[in-house]
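Okay, so here's the structure we're looking at.
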Amino acid sequence: MNRKYYGKVIFELSKPGRTGYYLNSNGCDAHIPELPDTLLRQTPLHLPEIDEPTVVRHYTNMSANNFGVDSGFYPLGSCTMKYNPKINDELCSLPGFTGLHPMQPADTVQGALKAYNDLQAMLSEIGGMAEFTLNPYAGAHGELTGLMVIRAYHRSRGDLARTKVIVPDSAHGTNPASAAVAGLKVVEVKSLPDGTVDVEALRALLDETVAAVMMTNPNTVGLFEYSIPEIAEMVHAAGALMYYDGANLNPLLGIARPGDMGFDVMHINLHKTFSTPHGGGGPGSGPVGVRAGLEEFLPNPVVVIKTPDDDDYFALDYEVEKRPGSLGRISSWLGNFAVELRALSYILSLGKDGLAMAGSLATLNANYVKESLRDLYKVAIDRVCKHEFVFDGLLDKSTGVTTLDVAKRLLDHGYHAPTIYFPLLFHESLMIEPTETESKETLDEFISVMREIAREASETPDVVKGAPHDCPVGRPDDTAAALNPIVSFHEL
């Protein structure tokens, strides 16, 4: 790293009068119209004045500060900071795909429409659902769409009293948020000490006002919910529907299907499970699947086979009349096309056996890390986990070293920190998901560092409490930064 640029912002390299361009006026007869005064700024922009080599070197060096799965281990896989095969990026970037326009006639985009149709069918098989829509742009958008389907279903039956959604206390934060945006009231159900939903507490909440129960399996603690069949039976008996949050689908691939467990509606985070790099907040995709009998409520448009006699001709169907209960449009076109192409490529590359292997390896890797560290870190719930698990901080609490301290110290060792202080069920939550693609050597190195941090916490706790020591930014006041953010260099 060039120390000249290390930790600096572009404004600090600015020199008055310096530019990075030169416009040759010789032979230039282009007419540039005068802008009206109403469109002109009244105050200077205060842009940095930089020459081109300095700009290039600054941002090239700054990029080296950006941590990603191509540069190191990122044990935060469930938000999909995990390695994804590059071939899927290459395939979705083919000119035949990137050169398309959504307004082209169906005759000219048959390949794209077939890709949509094939992916819908594959996701239906993977999820155990009757049909999928690819229209939602992200996981939370999928949740909202799925809940709108559930509301449409109840309204079609004249069951207007069902305005509540039951959500476990360990749920992803988007679950209650999506329910609220859908106009539904959120009712929380507590978890048992073993991390699973309290079935009896749930039973007491079920009545004629409940529209759905939202669940994730394996749940947010990384544990399989064995009571799902019993829960589904009593939820259905109460007239409500079961919603599956697909954020934790990874370990179930090829092993179990939400539809077979009794879920009626589900979404899948394609960017989490099916090969789209998602660091930095995007792009995403949240297809929604439904069981048989709910297809008519899915949004339009849908990809259809034009006529029964011509299986190879696909078209977009916008006709609401064919689906009188449809939500209509919930997005532009059919979601994020490139994300869906990556997912299709990933599924076709791995096949049924490969998907099952990915799910099994995710589970194996998580349990290997957990068991290798249980003598130094407190296992929150002592059960075989699935793709992720939670430590409740260090086993030795007398050192005063917190989960935040451990996470900060990992940065000094070249690892991005895992998820911390979530789920909220435990005071010092440290959630680790090693993902299915990491080698035993990588996991062993991470385990060794975690053991070293535990040793430091015992022998030299101030070293851990003061971490990180080798990063551009040390220990900012997170609360002050959130309450009084400095969003401009000129505020400094």
Check: N175 main-chain N/O paired with S178 side-chain donor or acceptor under 3.5 Å: no
F132 versus L298, closest heavy-atom pair with distance: C-CD1, 4.4 Å
Geometric class of the Y415/F73 ring pair [parallel <30°, tilted 30-60°, perpendicular >60°]: perpendicular
Nearest atoms (heavy-atom pairs only) where A240 meets A212: CB-N, 4.1 Å
Between NZ on residue K440 and CD on residue E445, distance to nearest 0.5 Å: 11.0 Å
M214 vs L147 side-chain heavy atoms within contact, under 4.5 Å: yes
Pairing of K386 and E388 as salt bridge, 4.0 angstrom limit: no
Spacing of N336 atom CG and T276 atom OG1 [to the nearest 0.5 Å]: 8.5 Å
Worked check of salt bridge (Lys or Arg N to Asp or Glu O under 4.0 Å) between E52 and R57: CA-CA 9 Å; E52 182 175 315; R57 290 167 186 163; over 6 Å; no
Inter-residue atom distance K370.NZ - I447.CD1, 0.5 Å rounding: 12.0 Å
Parallel, tilted or perpendicular, as decided by the 30° and 60° cut-offs, for the rings of Y226 and F224: tilted
Donor-acceptor under 3.5 Å (N367 side chain, C385 main chain): yes
Point-to-point distance, once rounded to the nearest 0.5 Å, from CG of L361 to OG1 of T435: 9.5 Å
Close side-chain approach of V187 to V165, heavy-atom, < 4.5 Å: no
Side chain to side chain contact (heavy atoms under 4.5 Å, CB included) between L294 and Y153, intermediate numbers included: CA-CA 7 Å; L294 297 176; Y153 163 76; 3.4 Å; yes
Minimal non-hydrogen separation, L205 against E188, with atom names: CD1-O, 3.8 Å
Donor-acceptor pair, side chain of T273 and main chain of L270, under 3.5 angstrom: no
Test item: Y137 side-chain N/O and S332 main-chain N/O as donor-acceptor pair under 3.5 Å: yes
P434 side chain reached by P75 side chain, heavy atoms, under 4.5 Å: no
Check: S275 side chain, N84 main-chain N or O, donor-acceptor pair, under 3.5 Å: no
Enclosure of E452 CD (heavy-atom neighbours >12, cutoff 6.0 Å): yes
Check: T163 and V210 side chains under 4.5 Å, non-hydrogen atoms: no
Electrostatic pair K15:D51 at N-O distance under 4.0 angstrom: no
Sub-4.5 Å side-chain heavy-atom contact between I381 and L223: yes
Donor-acceptor under 3.5 Å (D405 side chain, T402 main chain): yes
Derivation and outcome, side chain to side chain contact (heavy atoms under 4.5 Å, CB included), residues N365 and L443: CA-CA 8 Å; N365 286 351; L443 298 182; 3.6 Å; yes
Heavy-atom pair with the smallest gap, counting every atom of S458 and T399: CA-CG2, 3.9 Å
Side chains of L13 and K8 in contact at under 4.5 Å (non-hydrogen atoms): yes
Distance-only side-chain donor-acceptor flag, N219 / N248, under 3.5 Å: no
Flag if over 12 foreign heavy atoms under 6.0 Å of CD1, I87: no
Gap separating the CZ atom of R475 from the NZ atom of K408, nearest 0.5 angstrom: 6.0 Å
Basic-acidic side-chain contact under 4.0 Å: E90, K86: no
Plane angle bin for H172 and F422 - parallel if under 30°, tilted between 30 and 60°, otherwise perpendicular: parallel
More than 12 heavy atoms of other groups within 6.0 Å of K185 NZ: no
Test salt bridge (Lys or Arg N to Asp or Glu O under 4.0 Å) applied to R409 and D412, step by step: CA-CA 5 Å; R409 187 61 174 146; D412 287 329; 2.8 Å; yes
Distance in Å, H267 NE2 paired with L123 CG, rounded so as to fall on 0.5 Å steps: 12.5 Å
Any donor-acceptor N/O pair, E225 side chain to V197 backbone, under 3.5 Å: yes
Donor on one side chain, acceptor on other, S14 and E49, under 3.5 Å: no
Full working for side chain to side chain contact (heavy atoms under 4.5 Å, CB included) between L376 and M450: CA-CA 9 Å; L376 295 172; M450 289 288 285; over 6 Å; no
Whether over 12 other heavy atoms sit under 6.0 Å from M357 CE: no
Between N135 and S331: side-chain donor-acceptor atoms closer than 3.5 Å: no
E438/K82 salt bridge by N-O under 4.0 Å criterion: no
Minimum-distance pair of heavy atoms, taken over all atoms of H271 and P283: CB-O, 3.7 Å
Min side-chain heavy-atom separation I268-L249 under 4.5 Å: yes
Proximity of Y243 and F263 rings by center, below 6.0 Å: no
Residues D392 and H427: side-chain donor-acceptor under 3.5 angstrom: no
Side chains of I126 and F274 in contact at under 4.5 Å (non-hydrogen atoms): yes
Salt-bridge present (D198, K190; N to O < 4.0 Å): no
Residue K378 excluded, over 12 heavy atoms near NZ under 6.0 Å: no
Backbone N/O of S372 and side chain of R451: donor-acceptor pair under 3.5 Å: yes
E233, CD: over 12 other non-hydrogen atoms inside 6.0 angstrom: no
T196 side chain to L192 backbone, donor-acceptor under 3.5 Å: no
NZ/NE/NH1/NH2 to OD/OE distance under 4.0 Å, E125 and R257: yes
Side-chain donor-acceptor pair present, Y368, D444, cut-off under 3.5 Å: yes
Modelled atom types, side-chain donor and acceptor of S63 and T60, under 3.5 Å: no
G246 to N269 - nearest heavy-atom pair and separation: C-OD1, 3.7 Å
Evaluation steps, side chain to side chain contact (heavy atoms under 4.5 Å, CB included), between M261 and L252: CA-CA 12 Å; M261 300 176 196; L252 300 188; 3.7 Å; yes
